Amino acid sequence: MNCLRLDLLYEYLEGALDAPRRAEVEAHLACCPDCRAAVEERRLIHLASFGFPNFDVPADFTRRVMARVDAGRSTALAWLAAVVGSLAGVFLTFLAYVLITGQSLIGVLTSVLGALGKGTQVALVWLGKVAKLGAIILPVLKDLGENLVKAGGQLAASAGPGFFVATSFALLLLMVLAAIGLGRRLFAGERS
Amino acid sequence: MSSQSDEFDLVKRALRGDKEAFEAIVMRYQQPLLNYLGRTTGERELALDFAQEVFLKAYASLASYRPRYKFSTWLFTIASNHLIDHWRKKKLPTVSIDQTVDFGDSPMTLQVADPRACVARQYELTDLRARVEATLRKVPPALRELFVLRHVNEFSYEEIAAIKKLPVGTVKNRVFQAKEILRVLLEEAV
């Protein structure tokens with residue numbers, strides 16, 4: 001028999017080999033000191049791989065889990081109630097409309113479904129336009145943002161804290177001036 | 001662990017809204033689940049959060065449990081998927097289901113004529129166990145997980161194969177590979 005392969009060695013250590021195979025391995029180990037040494041070292045690591053200490057479970061762990069289970073159930077029930085309530089509301093409105101106007105049930109249903117279909121069509125067209133616009137604008141905005149951050153970083157690295165104080169002051173001044181200007185514009189009618 | 005029919009009974013009661021039945025399930029599995037998540041992530045607080053999430057996911061999908069599987073296998077499959085999601089988010093390497101580990105082609109082939117001293121013999125079993133425990137954190141996550149399922153949770157290879165949806169042979173090879181990596185890391189640490 002050749003020297004042991006790893007899988008055979010570990011199966012031997014785990015006692016997973018059938019009797020003939022095990023006898024074959026033991027016969028080889030009896031005459032191969034290298035394999036004996038390899039098996040011995042792995043046997044020790046194998047033994048040390050069992051019996052790790054348990055992680056401490058906090059005393060209130062079960063209570064915490066059950067509290068979250070309860071919260072989840074309440075949320076699910078609230079959603080269910082909201083859905084059922086909405087459906088009931090839609091149904092009652094529909095019923096009231098039919099009763100008050102005296103229109104036929106089929107006629108109202110047809111016009112509602114028609115309006116829904118048209119609305120969906122318009123919404124889909126707009127959604128497509130927004131998606132197209134987003135696909136064009138988003139990469140530009142991303143690049144712009146990245147470049148602004150990069151430029152800000154470089155400026156900060158070269159200018160130091162004095163620059164930030166000056167910039168903050170200028171921005172504050174600009175905001176105050178803008179507020180004053182806006183105020184004058186808004187109340188211009190009242191003064192005259 | 002108790003019998004499958006007993007656990008299925010608890011599941012049925014929990015599905016009917018019996019809170020105490022699910023509480024019994026939590027109490028039964030919190031320790032093995034925390035050991036698994038703790039040893040695999042290496043972080044107790046994270047493991048506690050994950051254990052809660054896993055129990056909540058299990059509760060939400062209790063109706064999908066079938067008694068032909070062991071409840072522990074079902075629960076640990078949820079836990080394992082939760083870990084895989086976590087590793088993907090952290091961009092840690094996960095071993096693909098199709099990927100096979102072949103000792104014949106890997107550097108993990110048995111070095112029978114290893115000239116280095118036998119590191120394991122230098123320690124008492126308790127010390128060696130503490131070193132193995134500490135070194136386990138350095139084993140790649142996907143292999144560490146299988147090692148933990150086998151050695152900490154003491155699942156059979158067949159059960160691990162069911163949890164991970166992998167062939168039994170692949171599971172065995174990966175557990176052996178994890179042990180070889182551990183051995184090499186222990187030697188390097190000396």
Side-chain angles (χ1 to χ4, degrees), chain A residues 1-17 25 28-77 79-80, chain B residues 17 19 22-23 26-27 30-35 37-39 44 47-48 51-53 55-56 59-60 103-104 106 108-114 118-121 123 125-133 136 147-148 150-152 154 157 169 172-173 175-180 182-183 186-187:
Chain A
M1 184 188 183
N2 292 328
C3 282
L4 302 183
R5 277 175 58 90
L6 268 179
D7 45 358
L8 191 60
L9 184 157
Y10 278 116
E11 285 193 302
Y12 170 71
L13 282 179
E14 293 191 355
L17 296 177
V25 168
H28 175 74
L29 288 176
C31 63
C32 179
D34 285 342
C35 279
R36 262 205 314 278
V39 166
E40 195 46 41
E41 175 163 24
R42 284 162 181 85
R43 186 196 305 280
L44 292 172
I45 295 174
H46 175 74
L47 288 173
S49 298
F50 287 100
F52 289 169
N54 282 333
F55 273 79
D56 283 340
V57 180
D60 63 346
F61 181 80
T62 312
R63 189 186 53 74
R64 277 195 272 164
V65 172
M66 294 314 292
R68 288 187 66 182
V69 164
D70 283 344
R73 270 167 48 163
S74 307
T75 313
L77 282 174
W79 271 104
L80 190 67
Chain B
K19 269 179 61 182
F22 191 69
E23 200 171 329
V26 174
M27 288 177 80
Q30 59 190 16
Q31 184 68 71
L33 199 60
L34 186 62
N35 285 344
L37 293 166
R39 295 284 170 215
R44 183 173 177 272
L48 279 168
Q52 284 196 32
E53 294 294 332
F55 279 124
L56 290 178
Y59 184 79
F103 284 117
S106 89
M108 291 298 142
T109 307
L110 178 58
Q111 301 291 310
V112 285
D114 197 340
C118 172
V119 66
R121 270 183 237 139
Y123 305 105
L125 187 62
T126 319
D127 290 342
L128 184 60
R129 182 172 293 130
R131 282 175 184 274
V132 169
E133 195 186 340
L136 185 60
F147 177 94
V148 169
R150 176 72 184 133
H151 288 277
V152 176
E154 300 190 22
Y157 287 116
K172 276 187 183 179
N173 277 351
V175 172
F176 298 161
Q177 193 180 21
K179 286 191 197 179
E180 275 307 289
L182 257 177
R183 189 185 65 81
L186 283 166
E187 277 181 358

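A note on names: the letters A, B, ... follow the listed sequences, proteins ahead of strands, and every chain is numbered from 1. What you see is a predicted model, and the numbers here were worked out from it, not measured in a lab. Hydrogens, waters and symmetry mates are skipped; everything else that's a heavy atom, side chains included, is used.
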**Request:** Report yes or no: does R44(B) contribute a side-chain atom to a donor-acceptor pair with the main-chain N or O of D56(A) at less than 3.5 Å?
**Result:**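 Yes, R44(B) side chain to D56(A) backbone: donor-acceptor pair under 3.5 Å.
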**Asked** Checking R129(B) side chain against F52(A) main chain: does a donor-acceptor pair fall under 3.5 Å?
**Response**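 No: the side chain of R129(B) does not pair with the backbone of F52(A).
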**Pair E53(B) + R68(A): basic N to acidic O under 4.0 Å** = yes
**Request:** State plainly whether the residues R36(A) and E40(A) are in salt-bridge range, i.e. N to O under 4.0 Å.
**Result:**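 So R36(A) does not pair with E40(A) through a salt bridge.
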**Item:** Heavy-atom proximity to chain A below 4.5 Å, by part of A60(B)
**Value:**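 Contact with chain A is absent: no heavy atom of A60(B) under 4.5 Å.
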**Asked** What part of D70(A) gets closer than 4.5 Å to chain B, counting heavy atoms only: side chain, backbone, both or neither?
**Response**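 For D70(A), the side chain is the part near chain B, not the backbone.
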**Prompt:** What part of E14(A) lies closer than 4.5 angstrom to a heavy atom of chain B: side chain, backbone, both or neither?
**Reply:**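 For E14(A), side-chain heavy atoms alone lie under 4.5 Å from chain B.
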**Request:** Could you tell me whether the side chain of L34(B) reaches within less than 4.5 Å of the side chain of F61(A), counting heavy atoms only?
**Result:** no
Top contributor to chain A contacts, counting heavy-atom pairs under 4.5 Å, from [options]:
options                 : value
L37(B), V175(B), L56(B) : L56(B)
Q52(B), R150(B), M27(B) : Q52(B)
G17(B), A51(B), G38(B)  : G38(B)

